[in-house]
2 protein chains.
Amino acid sequence: MILKSQVEWALHCCAILAGLPEGRYLSTKALAELHGLPKEYLSKALQSLSQASLVETTLGPSGGYRLAKTPSDINFLEIAEAVEGKARSFTCTNIRANNPCRPEGYCDSKPCAVARIMWEADEAWRDTLRRVRLSDLVSTLSEEVPADIWRSTFEWVLKRAG
Amino acid sequence: MILKSQVEWALHCCAILAGLPEGRYLSTKALAELHGLPKEYLSKALQSLSQASLVETTLGPSGGYRLAKTPSDINFLEIAEAVEGKARSFTCTNIRANNPCRPEGYCDSKPCAVARIMWEADEAWRDTLRRVRLSDLVSTLSEEVPADIWRSTFEWVLKRAG
DNA sequence: GGAATTAAGGACATATCATATCCGAAAACC
DNA sequence: GGTTTTCGGATATGATATGTCCTTAATTCC
């Protein structure tokens, strides 16, 4: 049960987009080079963010991506689900129904007890991610990353945005 | 990010093993037929439980599996990790290290901020499963499953245990 | 208007992993 | 000694993640 690496990529890209000056866009190329990622494949992750309406896009030179909402209005779960999908981590195949001792037309009133517990854990995972906003990540990063590195990173990346 | 179906199988099998009379074993064959699962492949899941010391085995006729501990001393996380492994669902590839603006020998003191958040969510998932004991599942099942079906299931399964 | 740049998305190749089956060895029971 | 069982290795298959390539349409700049 491993998350796609695109989730990691999307989160880091959103962190960068969150620090962008008003109105500026960042291209796939710039984001890929900054993180050392394959441009074409990172593009798929960014398209997922776009389809989820988390980012906006513009074509042409100086085009690319920017956040569609304030960083405090975007949480980790939205980003994770955008690229990973909303499916639960546990899928119940209802194997209890195969029990040969069950009468012919027997119908369970509730979903499987095993599934309910696994889904509860899944929901705990989602709750945690839902509670963390993109703005929280930005705050943490600006505390931990040395100011000069942080600043030069945006200069570097904006230079590539034309 | 989907769990292996073997996790579901292992949980259901443990629920049955928990209801077994003292000293009795249940074979892979019996568990597979009860749940309608491929015998050879289910065997791998049960081997995982065995390696994790959650179940004990005996060879020969009337052999098979039984719990190695009381149902109240086994939790869902142990079972899930036995077949799924203990690896976290989020793996940090440290793509921040690729940032071309970082000085040559720069070394981060903490693990990546993104990873810390994702690992926190992972821990929430584990905490939930850790808190649910196998005995809790058995209680729920004996409440929800009609008594006669529950009883005949064990008769059916014990008949196959020789 | 034309050239360059960009996102979007389809087609395709590759690698990894889950799923599944088969077999032989060792142990326990009759 | 023959049967039944777990255990582990070997192998096959299918699905999915990863990665690349190409076309199309939109936008910007000259």
Side-chain angles (χ1 to χ4, degrees), chain A residues 1-10 13 17 23-33 35-66 68 80 82-85 87 89-91 93 95 160-162, chain B residues 1-10 13 17 23-33 35-66 68 80 82-85 87 89-91 93 95 160-162:
Chain A
M1 186 188 62
I2 307 283
L3 287 167
K4 302 182 193 177
S5 53
Q6 295 207 351
V7 173
E8 182 186 13
W9 303 356
C13 286
L17 293 179
R24 299 295 297 269
Y25 291 85
L26 220 51
S27 70
T28 305
K29 188 161 176 288
L31 287 167
E33 289 177 354
H35 294 116
L37 302 173
K39 182 169 87 77
E40 309 285 353
Y41 194 34
L42 172 63
S43 168
K44 307 293 185 184
L46 297 173
Q47 285 175 39
S48 298
L49 295 178
S50 176
Q51 285 170 357
S53 299
L54 297 178
V55 298
E56 296 171 338
T57 67
T58 302
L59 295 179
S62 82
Y65 297 88
R66 72 176 176 197
V83 335
E84 186 71 31
S89 62
F90 181 87
T91 57
T93 60
I95 62 177
R160 260 140 238 266
Chain B
M1 188 187 62
I2 306 285
L3 286 166
K4 303 181 192 177
S5 54
Q6 295 207 350
V7 173
E8 181 186 14
W9 302 357
C13 287
L17 293 179
R24 298 296 298 270
Y25 291 84
L26 219 51
S27 70
T28 305
K29 188 161 176 288
L31 288 167
E33 289 177 353
H35 294 117
L37 302 173
K39 183 170 87 76
E40 308 285 354
Y41 193 34
L42 172 63
S43 167
K44 305 294 184 184
L46 298 172
Q47 286 176 37
S48 297
L49 294 178
S50 176
Q51 285 170 355
S53 299
L54 297 178
V55 299
E56 296 171 339
T57 67
T58 303
L59 296 180
S62 82
Y65 298 86
R66 71 175 176 197
V83 334
E84 186 71 32
S89 63
F90 181 88
T91 57
T93 60
I95 62 177
R160 259 141 239 265

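Protein chains get the first letters and strands the later ones, always in sequence-line order, with residue 1 at the start of each. Given the structure is predicted, the values throughout are model-derived calculations rather than measurements.
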Note to self: For D/dT6 and B/S43 - does any side-chain N or O of the residue sit under 4.0 Å from the phosphate oxygens OP1/OP2?
What the structure shows: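 Result: no.
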
Next item on the list: State whether A/Q51 places a side-chain N or O below 4.0 Å from either non-bridging phosphate oxygen (OP1 or OP2) of C/dG9.
Entry: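 True: A/Q51 side-chain N/O within range (under 4.0 Å) of C/dG9 OP1/OP2.
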
Using a heavy-atom cut-off of 4.0 Å across all strands, would you classify [X] as base, sugar-phosphate, or nothing?
X     : answer
A/T28 : sugar-phosphate
A/E56 : nothing
B/Y65 : sugar-phosphate

Item checked: Candidate pair A/C13 and A/L42, rule side-chain contact (heavy atoms from CB on, under 4.5 Å), full reasoning -> CA-CA 10 Å; A/C13 286; A/L42 172 63; 4.0 Å; yes

Hey, could you give me the [atom1]/[atom2] distance between [X] and [Y], rounded to the nearest 0.5 Å?
X     : Y     : atom1 : atom2 : result
B/L54 : B/Y65 : CG    : OH    : 12.5 Å
B/L3  : A/T91 : CG    : OG1   : 8.0 Å
A/K39 : A/L31 : NZ    : CG    : 11.5 Å
A/T57 : A/L46 : OG1   : CG    : 10.5 Å

Distances for protein N/O vs nucleotides 21-30 of chain C N/O pairs under 3.5 angstrom?
none

Could you state the atom-to-atom distance from [atom1] of [X] to [atom2] of [N] in whole Å?
X     : N      : atom1 : atom2 : answer
B/I2  : D/dT16 : CD1   : C1'   : 11 Å
B/M1  : C/dC17 : CE    : P     : 17 Å
A/Q6  : D/dT20 : CD    : P     : 12 Å
A/F90 : C/dA18 : CZ    : C1'   : 16 Å
B/L3  : C/dT19 : CG    : C1'   : 15 Å
A/L31 : C/dT6  : CG    : C1'   : 13 Å
A/K29 : C/dA4  : NZ    : C1'   : 13 Å
A/L42 : C/dG9  : CG    : P     : 15 Å

Margin query: Could you work out how much the helix from C/dG1-D/dC30 to C/dC30-D/dG1 bends, comparing the axis of its first five pairs with that of its last five, to 10°?
Written below: 10°

Margin query: Under 3.5 Å, is there a donor on one side chain and an acceptor on the other for A/S48 and A/Q6?
Written below: no

Margin query: Check whether A/E84 reaches the backbone of B/M1 with its side chain - one donor and one acceptor, N or O, closer than 3.5 Å.
Written below: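 The answer is yes, because a donor-acceptor pair under 3.5 Å joins these two groups.
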
Heavy-atom pair with the smallest gap, counting every atom of [X] and [Y]:
X     : Y     : answer
A/A68 : A/S53 : CB-O, 3.5 Å
A/A10 : A/L49 : CB-CD1, 4.1 Å
A/E56 : A/Y25 : O-CE2, 4.0 Å

Polar atom pairs (N or O), protein with nucleotides 12-14 of chain D, under 3.5 Å:
none

Note to self: Using side-chain heavy atoms (C-beta onward) and a distance below 4.5 Å, is B/Q47 in contact with B/S43?
What the structure shows: yes

Check: For the side chain of B/K4, counting heavy atoms from C-beta on, which of C/dT6, C/dA18, D/dG19 is nearest?
Finding: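 Shortest atom-to-atom distance from the side chain points to C/dA18.
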
